Amino acid sequence: MSKLLEEQVPSLKDQADWWDSWNLKHRTGTLEVLDEATIRRGTKVLEFCKSLPSVQRTICEIGCGTGWLCERLFEFGSVTGVDLSSRAIESARFRLPGATFIAGDFFDISLPVESFDIVIALETISYVNDQSQFFSKLASLVKPHGYVIITSVNKFVFERRDDVKPPGAGQIRKWLSKQDILNLFKADFKIISVDTVLPCGNRGILRVTNSYKINKILEVFFPPARIEAFKESLGLGQSIVIVAQKRPSHNK
């Protein structure tokens, strides 16, 4: 059975081709379009970076795409971006010549251990096959007392949406629950914050919470932003956002 499942995992080339195509469609040059969910995730990251003491930091983004977030992170220090899509990395290098960008499989790329103050992965972990290994390598890059910021597709919400298309050829899709992601952090990290952003969904309980009629009634008593924030606090946003700080190793 495990062999059969392994055979169903798209090849690395097919995965790279899929992401090349996706980036060509959604993130190319002046045609780049950042949807609201992407903007909200990026805003969460930037707000956290701004909350830290104002010193230059070493930052690494895994799954950086065309470098739209790296460009904004550059004000906080040196930036390294990694992505499977060579097409996206070409765009990133053109966008931000002062940063370091690497195209290839994250598992095969050699990056210095415990060398980054902040490591970021936005909506990446849901699209890799071995999520535990992915997180372990990502965590190994962070200095003691450094930070990891991960955002991920919210499994609870996406299983209750009827507008989600099947995976494309070459796309891995392994949605995670909030607890799934927290379990990855528990050994070596202190959780700083757990949020969700942008409530959506129209099946099951989400058909009620996101009902237009019900929300219009609630807006008589509460501002829309407060209603949205309350849903996000309940874990009903489409993306999970976790910020954590790495504990120092006991043997150091």
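Only a predicted model underlies this, so the values are computations on that prediction, with no experimental measurement involved.
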### Task
Measure across Ile102 and Ile89 and return the closest heavy-atom pair with its distance rounded to 0.1 Å.
O-CD1, 3.7 Å
### NZ-CG distance between Lys231 and Asn210, expressed to the nearest 0.5 angstrom
4.5 Å
#### Entry: Contact summary for Glu75 and Gln56, nearest pair of heavy atoms
O-NE2, 3.6 Å
#### Entry: Short side-chain to backbone donor-acceptor contact, Ser136 and Ser132, under 3.5 Å
yes
### side chain to side chain donor-acceptor pair (under 3.5 Å), paired with Ser152, selected from Ser177, Ser126, Ser239
Ser126
### Query
Where do Phe101 and Leu96 land on the side chain to side chain contact (heavy atoms under 4.5 Å, CB included) test, with the steps shown first?
CA-CA 9 Å; Phe101 290 104; Leu96 193 59; 4.0 Å; yes
### Message
Measuring from atom CG of Leu73 to atom CH2 of Trp68, what distance do you get when rounded to the nearest 0.5 angstrom?
### Response
8.5 Å
### Task
Would you kindly confirm whether Ile191 and Leu138 end up in one hydrophobic cluster when ILVMFWY residues are joined by side chain heavy atoms under 4.5 Å apart?
yes
### Message
Does any part of the side chain of Ser85, heavy atoms only, come nearer than 4.5 Å to the side chain of Trp22, both counted from C-beta?
### Response
no
### Task
Could you tell me whether a side-chain N or O of Asn215 sits under 3.5 Å from a main-chain N or O of Thr209, the two making a donor and an acceptor?
yes
### Task
Output the distance between atom CD (Glu61) and atom CZ (Phe116), rounded to the nearest 0.5 Å.
12.0 Å
### Message
Using only atom types and a distance under 3.5 Å, with no angle test, would you say the side chain of Asp14 pairs donor to acceptor with the backbone of Gly170?
### Response
no
### Query
Shared ILVMFWY cluster between Ile120 and Phe76, side chains joined below 4.5 angstrom?
yes
### Task
Using atom types as modelled and distance alone, determine if a side-chain donor or acceptor of Asn154 lies under 3.5 Å from a backbone N or O of Gly235.
yes
### Query
Roughly how far, to the nearest 0.5 Å, is CZ of Arg72 from SG of Cys49?
13.0 Å
### Query
What pair of heavy atoms forms the shortest contact from Val119 to Ile62, and how long is it?
CG1-CG1, 4.3 Å
### Message
If we ignore hydrogens and angles and just use 3.5 Å, is the side chain of Gln131 paired with the main-chain N or O of Lys174 as donor and acceptor?
### Response
yes
### Message
Is it the case that the side chain of Thr124 and the backbone of Leu122 share a donor-acceptor pair, with hydrogens and angles ignored and the cut-off at 3.5 Å?
### Response
yes
#### Entry: side chain to side chain contact (heavy atoms under 4.5 Å, CB included) evaluation trace for Leu24 with Arg87
CA-CA 8 Å; Leu24 179 63; Arg87 184 186 296 275; 3.7 Å; yes
## Note on the structure
Correct closest heavy-atom pair for Arg203 and Arg161 would be NH1-O, 3.5 Å
### Task
Show your reasoning for whether side chain to side chain contact (heavy atoms under 4.5 Å, CB included) applies to Thr66 and Phe94.
CA-CA 9 Å; Thr66 57; Phe94 180 79; over 6 Å; no
### Salt-bridge criterion met for Lys155 and Asp180 (N-O under 4.0 Å)
no
Donor-acceptor contacts, no H, no angles, side chain residues 139-146, under 3.5 Å, sequence neighbours left out:
unit_1, atom_1, unit_2, atom_2, d
Ser140, OG, Lys137, O, 2.6
Lys143, NZ, Asp117, OD1, 3.3

### Query
Between Ser86 and Ala103, which heavy-atom pair has the shortest distance, and what is it?
CA-CB, 4.0 Å
### Task
Evaluate the side-chain proximity of Cys64 to Leu69: yes if any heavy-atom separation is below 4.5 Å, no if none is.
no
### Query
Got a sec: does the CZ of Arg173 have more than 12 other heavy atoms crowding it under 6.0 Å?
yes
### Message
Please report the interatomic distance CG(Leu206) to CG(Leu236), rounded to the nearest 0.5 Å.
### Response
6.0 Å
### Message
Taking the basic N atoms (NZ, or NE/NH1/NH2) and the acidic carboxylate oxygens, is any pair closer than 4.0 Å for Glu219 and Lys216?
### Response
yes
### Message
Within this structure, what is the CD1-OG1 distance for the pair Ile242 and Thr196, rounded to the nearest 0.5 Å?
### Response
10.5 Å
### Query
At their closest point, which heavy atom of Ile109 faces which heavy atom of Val82, and how far apart are they?
CD1-CG1, 3.4 Å
#### Entry: Cluster overlap Val148 with Leu176, hydrophobic side-chain contacts below 4.5 Å
yes
### Query
Checking Arg160 against Phe156: charged group under 6.0 Å from the ring centre and within 45 degrees of the axis?
yes
### Message
Is it the case that atom CZ in Phe107 sees more than 12 heavy atoms from other parts of the structure closer than 6.0 Å?
### Response
yes
### Task
Verify, without hydrogens or angle tests, whether Ser211 (side chain) and Arg207 (backbone) share a donor-acceptor contact under 3.5 angstrom.
no
### Task
Give me the one residue out of Val241, Leu182, Ile181 that meets side-chain contact (heavy atoms from CB on, under 4.5 Å) with Val194.
Leu182
### Query
Hey, quick one: are Ile125 and Ile59 part of the same hydrophobic cluster, counting side-chain heavy atoms closer than 4.5 Å, chains of contacts allowed?
no
#### Entry: Thr100 (side chain) donor-acceptor with Thr80 (main chain) under 3.5 angstrom
no
### Message
Just so I know, are the side chains of Ile118 and Leu52 near enough to count as touching, which here means a heavy-atom distance under 4.5 Å?
### Response
yes
### Query
Side chains of Lys13 and Asp17: closer than 4.5 Å at any heavy-atom pair?
yes
### Query
Quick one: are the ring centres of Phe48 and Tyr147 less than 6.0 Å apart?
yes
### Task
Following the transitive rule for hydrophobic clusters with a side-chain heavy-atom cut-off under 4.5 Å over Ile, Leu, Val, Met, Phe, Trp and Tyr, establish whether Phe221 and Val208 coincide in one cluster.
yes
### Task
Scan for ring pair (Phe, Tyr, Trp, His ring centres under 6.0 Å) pairs involving residues 164-201, sequence neighbours excluded, and state none if there are none.
Phe135-Phe185, Phe135-Phe189, Phe158-Trp175, Phe185-Phe189
### Message
Arg40: which residues meet the side-chain contact (heavy atoms from CB on, under 4.5 Å) condition with it, sequence neighbours left out?
### Response
Glu36, Val197, Leu198, Glu228, Glu232
### Task
Would you check, one step at a time, whether the test side chain to side chain contact (heavy atoms under 4.5 Å, CB included) holds for Phe222 with Phe230?
CA-CA 11 Å; Phe222 307 102; Phe230 180 67; over 6 Å; no
